[in-house]
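For reference, the structure is listed below as structure tokens.
The figures that follow rest on heavy atoms only: side chains count, while hydrogens, waters and symmetry mates do not.
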Amino acid sequence: MFERDGSPVPGWSRDTYRAVRPSQPVWVSLGAALNQPTSGRPPVPEGLDLASEVPGELVAWERTTTGEWAGLVTFVVRRAHARAGGTRHTMWLYGRALRRREDVGRRR
């Protein structure tokens, strides 16, 4: 997702904020984004699934104080046993937790 010059996509400058218009489909690794802890606890089937990879919509990039890129992403968190529903979240996540979705066409 990141090019060699540190920009999130080809042709973007190194400004601190870049809107993504139209929004772009991405995969969000919740485990990587939320620093999933390892534990020896048994799984809880009705619990929140904060370890999976979920589809999201990238709406902007912003540089952090450490120089890394963070993406402003909207995504849904579901319970592990639920096939639908969940809660929608929009938050800044490090770019390392995001990757382009290849299963949908890029919007223009």
- Transitively linked via ILVMFWY side-chain contacts under 4.5 Å: Val59 with Tyr17? yes
- Message: Just so I know, are the side chains of Val28 and Leu98 near enough to count as touching, which here means a heavy-atom distance under 4.5 Å?
- Response: yes
- Query: Can Trp69 and Arg63 be said to form a side chain to side chain contact (heavy atoms under 4.5 Å, CB included), step by step?
  - Reply: CA-CA 5 Å; Trp69 285 98; Arg63 291 300 281 272; 3.1 Å; yes
- Message: I need the minimum non-hydrogen distance between Ala33 and Leu93, along with the two atoms involved.
- Response: CB-CD2, 3.8 Å
- Query: Between CH2 of Trp61 and CG of Leu72, what distance do you get to the nearest 0.5 Å?
  - Reply: 10.5 Å
- Rounded distance [0.5 Å steps], CZ in Arg79 versus CG in Leu50: 10.0 Å
- Do Pro55 and Trp27 come close enough that some side-chain heavy atom pair is under 4.5 Å? yes
- By side-chain hydrogen bond (donor to acceptor under 3.5 Å, both in side chains) - contacts of Thr87 (at least two apart): His89
- Message: Quick check against the 3.5 Å criterion: does Ser52 have a side-chain atom that pairs as donor or acceptor with the backbone of Val54?
- Response: no
- Message: Tell me whether Val76 shares a hydrophobic cluster with Leu34, the cluster being built from Ile, Leu, Val, Met, Phe, Trp, Tyr side chains joined at under 4.5 Å.
- Response: no
- Message: So, taking the atom named CE in Met91 and the one named OG1 in Thr74, what distance separates them when rounded to the nearest 0.5 Å?
- Response: 11.0 Å
- Query: What heavy-atom pair brings Thr64 and Tyr94 nearest, and what distance separates the two atoms?
  - Reply: CG2-CE2, 4.0 Å
- Heavy atoms only: give me the nearest Ala82-Arg78 pair and the separation to one decimal. O-CD, 4.2 Å
- To the nearest 0.5 Å, atom CD of Glu53 lies from atom CZ of Arg101 at 9.5 Å
- Message: Measuring from atom CD of Glu57 to atom CD of Gln24, what distance do you get when rounded to the nearest 0.5 angstrom?
- Response: 8.0 Å
- Task: Over all heavy atoms of both residues, which pair between His81 and Glu46 is shortest? Give the atoms and the distance, please.
- Result: ND1-CA, 3.3 Å
